[in-house]
Amino acid sequence: MDHVGDDVPITELLDERRHLLEVASWMLGSRVAAEGAINDAYRRWYGLSDPERAEVTVPRAWLTRTVGGICLGRFAGPDGAGSAPHVGVPSSPEPAGEAGTAPRTGAGTIGRSEPGYADPLDRARLSLRARRAEPAPPHRQDRIVGMVRRACAEEDAGRLASLLAPDASVFYDGGGRIRTLTRPVNGGAEVAHSLLTLLTRQPRTTLDTHSVNGRTGLVARYDDRVVAVITLDIAGSRVVQVWVMLNPDKLRAWNRTPA
């Protein structure tokens, strides 16, 4: 199980990405360039091994320092010989000393596997259990997903766990664009805890049922913006697998204004 500092409410993950974007935009003067810088920072985060990530006590501070270093490197140019203006990393609420492991730069992270970029949904859907499970009929899918939504909204861990198979799994897909779990969480109680942590109730968040790929699923919104799309595989009367899409790139279609 991969709980290396990443099992946190989605509102915190969104605030982290927004903070990094503000830092990079301030330094580079371009939102497009800033997006590239923070994506590179997340790539380096996922380039760390599990033990290395475990040593980072404040991931947001680590990522802030990494983004700052990437931005300064781009001022210097590819050969490092450019004349960089006097630009510092904007002050952050997290002191640099709390960031744990210093951000890595250079070839040390380039060749390492990057689990945050492999699509866990594609891999997991090849599992033997997912292939053998008969899809629940629409009325049962609707009913069980509705019960899951209510359990999440009421933050009822026991009720949510009772709707999950004892060996249920949840997979998160952040696409390397947001900090999230890189391995599945397994076990009904563990999945319930992970989902309730991610979907911690906040005044500006909502969770509703919605059609997802032709079946009833869940959509989480923050300030009316879709921030997570959740599909559930149901066998019998229990949820056996949960798929959580958090990748901002893949969620753009959900946030387009209809023509």
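When side chains are defined from C-beta on, Thr205 counts as touching Thr11, because their heavy atoms get closer than 4.5 Å. For the pair Leu195/Val244, a side-chain contact is recorded, criterion being any heavy-atom separation below 4.5 Å from C-beta on. In this structure, the side chains of Gln141 and Pro138 stay at 4.5 Å or more apart for every pair of heavy atoms. Put simply, the side chain of Thr200 reaches to within 4.5 Å of the side chain of Gln202, judged on heavy atoms. Looking only at side-chain heavy atoms (C-beta outward), Thr182 and Tyr46 come within less than 4.5 Å of each other. The closest side-chain heavy-atom distance from Val239 to Val148 is below 4.5 Å. Contact annotation: the side chain of Arg179 never approaches that of Leu20 to less than 4.5 Å [non-hydrogen atoms, C-beta and beyond]. A 4.5 Å side-chain heavy-atom check between Ile10 and Leu246 finds at least one atom pair inside the cut-off.
The backbone N or O of Arg201 sits less than 3.5 Å from a side-chain atom of Glu155, completing a donor-acceptor pair. Side chain of Arg238 to main chain of Leu164: a donor-acceptor pair is present (N/O by atom type, distance under 3.5 Å, no hydrogens or angles). Between the side chain of Asp156 and the backbone N or O of Cys152, no donor-acceptor pair lies under 3.5 Å. Distance alone, capped at 3.5 Å, is enough to place a donor-acceptor pair between the Asn247 side chain and the Asp249 backbone. The backbone N or O of Arg159 lies less than 3.5 Å from a partner atom in the side chain of Ser162, making a donor-acceptor pair. A donor-acceptor pair under 3.5 Å is absent between the side-chain atoms of Asp173 and the main chain of Met245, judged by distance alone.
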Practice problem: Take Asn213 and Trp243 through the side-chain contact (heavy atoms from CB on, under 4.5 Å) test and state the conclusion after the steps. | Solution: CA-CA 12 Å; Asn213 296 328; Trp243 321 89; over 6 Å; no

Quiz item: Would Val23 and Met27 count as a side-chain contact (heavy atoms from CB on, under 4.5 Å) if you check the C-alpha gap in whole Å, the side-chain angles of each, and the deciding distance to 0.1 Å?
Solution: CA-CA 6 Å; Val23 170; Met27 295 185 71; 4.2 Å; yes

Practice problem: Test side-chain contact (heavy atoms from CB on, under 4.5 Å) on Arg143 and Ile234 and set out the steps. | Solution: CA-CA 11 Å; Arg143 178 174 59 85; Ile234 297 171; over 6 Å; no

Self-check item: Worked check of side chain to side chain donor-acceptor pair (under 3.5 Å) between Tyr172 and Ser194
Solution: CA-CA 10 Å; Tyr172 295 96; Ser194 184; 2.6 Å; yes

Quiz item: Given the rule in the side-chain contact (heavy atoms from CB on, under 4.5 Å) test, do Val56 and Trp45 qualify, once you have shown the distances and angles that lead to the verdict?
Solution: CA-CA 10 Å; Val56 180; Trp45 170 259; 4.0 Å; yes

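For Val185 against Val191, the heavy-atom pair with the smallest separation is O-CG2, 3.4 Å. Nearest heavy atom pair, residue Ala34 against residue Leu21, reads CB-CD1, 3.7 Å. Nearest heavy atoms, Ala165 versus Val240: CB-CG1, 4.1 Å. Closest approach of Ala24 to Val67, counting heavy atoms only: CB-CG1, 3.8 Å. Leu28 and Ala37 get closest at one heavy-atom pair: CD1-CB, 4.1 Å. Looking at every heavy atom in both residues, Tyr42 comes nearest to Gly176 through CB-O, 3.2 Å.
A salt bridge links Arg74 to Asp40: one of the charged nitrogens lies within less than 4.0 Å of a carboxylate oxygen. Ion pairing between Arg149 and Asp208 fails under the 4.0 Å rule for side-chain N and carboxylate O. A salt bridge links Asp50 to Arg183: one of the charged nitrogens lies within less than 4.0 Å of a carboxylate oxygen. Taking 4.0 Å as the cut-off between side-chain N and carboxylate O, Arg221 and Asp224 do not count as a salt-bridged pair.
Donor-acceptor pairing under 3.5 Å is lacking for the side chains of Ser25 and Glu22.
Hydrophobic clustering places Tyr222 together with Val8 (ILVMFWY residues linked when any side-chain heavy atoms are closer than 4.5 Å, directly or through intermediates). Tracing side-chain contacts under 4.5 Å through hydrophobic residues (I, L, V, M, F, W, Y), one never reaches Leu72 starting from Ile70; they form parts of separate clusters.
Scored by the side chain to side chain donor-acceptor pair (under 3.5 Å) test, Arg17 finds Glu35 as partners (sequence neighbours excluded). Applying the side chain to side chain donor-acceptor pair (under 3.5 Å) criterion to Asp15, with sequence neighbours excluded, gives Arg60. With sequence neighbours left out, the side chain to side chain donor-acceptor pair (under 3.5 Å) criterion links Asp142 to Thr216.
Of the inter-residue distances, the one linking Leu198 atom CG with His193 atom NE2 reads 11.0 Å to the nearest 0.5 angstrom. Separating the CD1 atom in Ile38 from the CD atom in Glu16 is a distance of 9.5 Å, to the nearest 0.5 Å. Taken from CZ in Arg150 to CG in Leu163, the straight-line distance is 9.0 Å, to the nearest 0.5 Å. Rounding to the nearest 0.5 Å places CG of Leu218 at 9.5 Å from OG1 of Thr231.
Taking the six-membered ring where tryptophan is involved, the planes of Trp254 and His210 are perpendicular, since the angle between them exceeds 60° and thus also 30°.
The neighbour count for Arg18 CZ, taken as heavy atoms of other residues, nucleotides or ligands under 6.0 Å away, is above 12.
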